[in-house]
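For reference, the structure is listed below as structure tokens.
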Amino acid sequence: MKNYHFESRPVARPEAMVSGANYRFTILTDRLIRYEWSEDGEFEDRASTFAVNRDFHQKVVPKFQVVDHEDGLEIINEHFHLSYDKKRFSPSGLLCTIAGKLTLWGTQWRYNDNVDLSQGRNLGGTARTLDDCDGRCDMGFGVVSRDGFAAVDDSKSMLFDGRGFVAGRRPGDRVDGYLFCHGHDYKGAIHDLYAVSGKQPLLPRWALGNWWSRYYRYHQDEYVGLMDKFKDEGVPLSVAVVDMDWHLVNDDRVPHAGWTGYTWDDKLFPNPKKFGQQMHDRNLKITLNDHPHLGIHHHEDAYEEMAKFLGLDISTNKNPILFDPTSPKFMEAYLNILHRKLEDVACDFWWIDWQQGSYTKVPGIDPLWLLNHFHFLDNARDGKRPIIFSRYAGPGSHRYPVGFSGDTVTTWASLEFQPEFTATASNIGYGWWSHDIGGHFGGGRDDELVTRWVQFGVFSPLMRLHSGDSRWSSKEPWLYRKESERVIEKFMRLRHRLIPYLYTQNVLASTENLPLIQPMYWLFPERDEAYSVPNQYFFGPELMVAPIVTPRDKRTNLGKVKVWVPPMYRHVDIFTGTVYDGDRELNMYRPLEEMPVLAHEGSIIPLDERVLPLNGGLNPSRFEVLVVIGRDGQTSILEDPADDPDQVNKKKDDDELPRSSTGGPRSSLIQYSQEKGDLVARVARSARGVTIPRWDFKFLAVTEVPKDLKVCVDGEDRTADAKVWIERFPYTPSMLVHVPPYKVSSDHQEEEYTSTITISLGPDPQLSVIDHRPRIEKLLLDYQTEFELKDKLWSIVDDRKSTINVKIGKLMSLSVDERLTEPVAELLLSDSRGT
């Protein structure tokens, strides 16, 4: 297994250590402490599943002071004061005071064998699976806490032997833990988590598009036909998931329950090689489901070759080859014979659907950890960008994306919990959950539930539609009522339009230690409101998302969600153009086709301009960039030239992995100056084939064209050629600027270079005050209530003379259910500049 070695730096610097006969402390950073106790005085310097780096290649070790006296030891720096009695760790003998005014009563961590008792007000981490969870589940612990400290117990985790394989822990009484002393610097804690545990890898671009998944016995022609139906409906996909029925299951040849299998079912897939080619021709990647726990039986195609490699005598008895992930020889055969034969036919990566526990014959070695680790490294062969699809195995699992959260119950309770579950996972660095969007089993038909679930899925890390084998539960959009069909298809198209934004955040997640999903309290740790909206989160730095996860009111047809708009100046809803003042709590109401997604002033969000995006999520040939004026802002758009359509087609032709001609990503930089009112886009261009992008800019909540608007390309005034228009309700109130086509110089046919686009709006432009009457009129038209009440509501809305406080007073005096008046009040009160 020497080919599966990975880079690690597990041995800390001696000068960072404070040790005695049975204890050792390592000051890894100025706020991260490793604490060890060993009854035999032997300490662990091998990498573990959690800690792969303990030497951060710093120029200097963090500063700290040691006070060593006869009955104890103190380690002190500006962030913590650790006290230890030099005995077996105990709550009375090992404690650490965290600097800062974090609580009214002070902040002190005490060691406890019962981890739950040593975590304080920990803000949670994530769980191994959501199997059978109809609502909330225990999310364990992360590395952030309102009390300012968090501990990770690494005492029993699996180790890496440094030679390409794994090992269990030494026997005996041992403690191996990590104490995060970051106060309310939650992002700092996550930064140190990634430092010690490894960064999140970069996902392939195609992984960010829509995945199709269903537990169902598809014939290969049926599956291909379904993919073509999605194309005909204008709904793009990127990944074709084939659940377990790709292999023999209920066949007479199978001597067991059928969950494990490595031989194509020739009744369903008579020509799997052709199936694989058909998927790739449609720009779709394939993942096959694998339950490996029952081993390899005599009916499997690879049985004899596996037995020969492993030196097993099968001449008399064709006994099963047991699944033994603790054997390097077995794992080598498992990856390079058993799985390679299938990958060469029709499999780009594996769905490791491990459900059979956490034990092997070597104590401390979890088979899920082993499978995740080696499948991920194996998928990286030949320079590929690796990916697996598997369950969470514990702290450190973020190194093996993406996560499968398990078989979800199809209920509102499941949906209501998933946004919080997804956001909280970032507290343990786990940034790439994929849920069963729409639910896997149980529940019943509820078109509204599925529609709201898809909306959340589009604004979650991975978007994977899924369902069980019931003929009534499949998630094809066209199987739902027209209202839901239209909304589901619209949002699935939006997911692919978001890929330029998502891919850039994917790069930043890997390089800058910034998970895509971030809880509100990461940015506002001192605000109680940030903790009161667990289902609300940042989706990258520009977008704040509050999914609607409860049924709509039957009278208004509106869903409701409580939102805290943080103190980041004004925000604009990207779907409605509504402008909201910051630093306030309110209920937001939306019809089925909308959900609250807010962008603060200074936000710049790149989208694929295509209304009907293509499969695969390739680099777009045309961009639409959403801009929210009001404050300075900037963003980058990062692309790998290997994802250009012409490069992907070249790969199909010659089966070579395309490389960037510059050796790295292609970057465009867009900056906005509020004082000048200038948007400057230095955009990457490539003269090869279809990769010359064109650019549209959509200024949200700007409803008048500035009189001095100017559009320049590479210093040349192109205002007369630019197309500028205003969209109003029922569209998103905005100003759109279509930049005219570029002139491509013949001198740059084979190199990448940049152009500069400048759009000048005039000094200090402001967001428009939106007239909400057309939107309110549409809401009231849909109210299933008395005409008299509608008349009263409209008379208040259409009153041109009264001030806003008078209008709100009139609304309150109606003495009707607030769910009828709040949607009107939300819009009237959204922007304090309005009347």
Side-chain angles (χ1 to χ4, degrees), residues 234 236 490 493-504 542-543 572-577 597 599 602-614 617-629 633-639 644-645 666-672 677-686 690-706 709-714 716-744 754-761 765 767-768:
K490 169 188 169 184
R493 294 182 190 115
L494 175 62
R495 177 68 187 200
H496 276 239
R497 296 194 65 209
L498 281 164
I499 290 178
Y501 177 74
L502 291 169
Y503 186 77
T504 297
E542 272 81 21
L543 296 177
V572 178
D573 189 309
I574 68 170
F575 294 117
T576 69
V597 178
S603 294
I604 303 172
I605 302 117
L607 305 176
D608 189 326
E609 191 274 341
R610 287 173 291 201
V611 177
L612 298 176
L614 303 176
L618 303 176
N619 292 333
S621 58
R622 187 165 178 169
F623 289 90
E624 179 180 78
V625 181
L626 307 183
V627 182
V628 183
I629 63 172
Q634 75 172 40
T635 196
S636 295
I637 304 173
L638 303 176
E639 299 176 299
D644 289 341
R666 186 167 61 224
S667 177
S668 297
L669 177 65
I670 304 177
Q671 297 172 302
Y672 173 72
D678 287 351
L679 182 86
V680 180
R682 296 173 179 86
V683 297
R685 301 171 56 188
S686 173
V690 298
T691 59
I692 307 170
R694 296 173 64 179
W695 296 83
D696 291 343
F697 294 86
K698 188 172 186 176
F699 294 85
L700 297 176
V702 173
T703 57
E704 300 293 337
V705 178
L709 178 72
K710 187 175 181 180
V711 179
C712 295
V713 178
D714 291 332
E716 179 183 356
D717 188 343
R718 302 292 300 277
T719 308
D721 300 327
K723 295 179 181 179
V724 182
W725 68 97
I726 298 293
E727 285 188 345
R728 303 185 189 278
F729 183 82
Y731 304 102
T732 306
S734 309
M735 179 181 72
L736 284 85
V737 178
H738 169 62
V739 178
Y742 308 125
K743 296 178 180 178
V744 180
T754 60
S755 283
T756 300
I757 299 168
T758 304
I759 301 175
S760 300
L761 308 180
L767 297 170
S768 299

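With a 4.5 Å cut-off on side-chain heavy atoms, Leu709 and Ile759 count as touching. Side-chain contact between Ile574 and Thr732 is absent, with no heavy-atom pair separated by less than 4.5 Å. By the 4.5 Å heavy-atom criterion applied to side chains, Pro706 and Met735 are counted as neighbours. Counting heavy atoms from C-beta on, the side chains of Val683 and Ile757 come closer than 4.5 Å. Contact of the Arg622 side chain with the His738 side chain is registered, since non-hydrogen atoms from C-beta on lie closer than 4.5 Å.
For Thr756, the side-chain contact (heavy atoms from CB on, under 4.5 Å) criterion is met by Val680, Arg682, Asp714, Thr758, not counting sequence neighbours. Ser760 meets the side chain to side chain donor-acceptor pair (under 3.5 Å) test with Asp678; sequence neighbours excluded. Here Ile605 pairs with Tyr501, Glu542, Leu543, Ala599, Ser603, Leu607, Leu626 under the side-chain contact (heavy atoms from CB on, under 4.5 Å) rule; sequence neighbours left out. Listed by chain and residue number, Arg590 satisfy the salt bridge (charged side-chain N to carboxylate O under 4.0 Å, His left out) test with Asp573 (two or more places apart in sequence, or in another chain). Under the ring pair (Phe, Tyr, Trp, His ring centres under 6.0 Å) criterion, Phe623 pairs with Trp695, sequence neighbours left out. Looking at residues two or more places apart in sequence or on another chain, you find a side chain to side chain donor-acceptor pair (under 3.5 Å) between Asp717 and Thr719. Legend: residues meeting ring pair (Phe, Tyr, Trp, His ring centres under 6.0 Å) with Phe575, ordered by chain and number and at least two apart, are Phe491. Thr576 is linked by a side chain to side chain donor-acceptor pair (under 3.5 Å) to Thr578, counting only residues two or more places apart in sequence or in another chain. Judged as a side-chain contact (heavy atoms from CB on, under 4.5 Å), and not counting sequence neighbours, the contacts of Leu612 are Arg493. Residues meeting the side chain to side chain donor-acceptor pair (under 3.5 Å) test with Arg495, sequence neighbours left out: none. Considering only residues two or more places apart in sequence or on other chains, Leu614 meets the side-chain contact (heavy atoms from CB on, under 4.5 Å) condition with Arg610.
Atom OH of Tyr672 is separated from atom CZ of Phe699 by 7.5 Å, given to the nearest 0.5 angstrom. With rounding to the nearest 0.5 angstrom, the CG atom of Asp608 is 11.5 Å from the CG atom of Leu502. Taking OG1 of Thr504 as the reference point, atom CD1 of Ile637 lies at 6.5 Å (rounded to 0.5 Å). With rounding to the nearest 0.5 Å, the separation of CG in Asp644 from CG in Asn619 is 4.5 Å. Of the inter-residue distances, the one linking Leu700 atom CG with Ser768 atom OG reads 11.0 Å to the nearest 0.5 angstrom.
The two residues Pro620 and Pro500 make their nearest non-hydrogen contact at CG-CG, 4.0 Å. Scanning both residues, Pro236 and Pro613, for their nearest heavy atoms gives CB-O, 3.5 Å.
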Scan the side chains in residues 721-730 for donor-acceptor partners under 3.5 Å anywhere in the protein, sequence neighbours excluded, and list what turns up.
residue : atom : partner : partner atom : Å
Asp721  : OD2  : Arg718  : NE           : 3.0
Arg728  : NH1  : Thr703  : O            : 3.4
Arg728  : NH2  : Thr703  : O            : 3.0

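Comment: Glu624 engages Arg497 in a salt bridge, judged by a side-chain N to carboxylate O separation of less than 4.0 angstrom.
Between the side chain of Ser667 and the backbone N or O of Leu638 there is no donor-acceptor pair closer than 3.5 Å.
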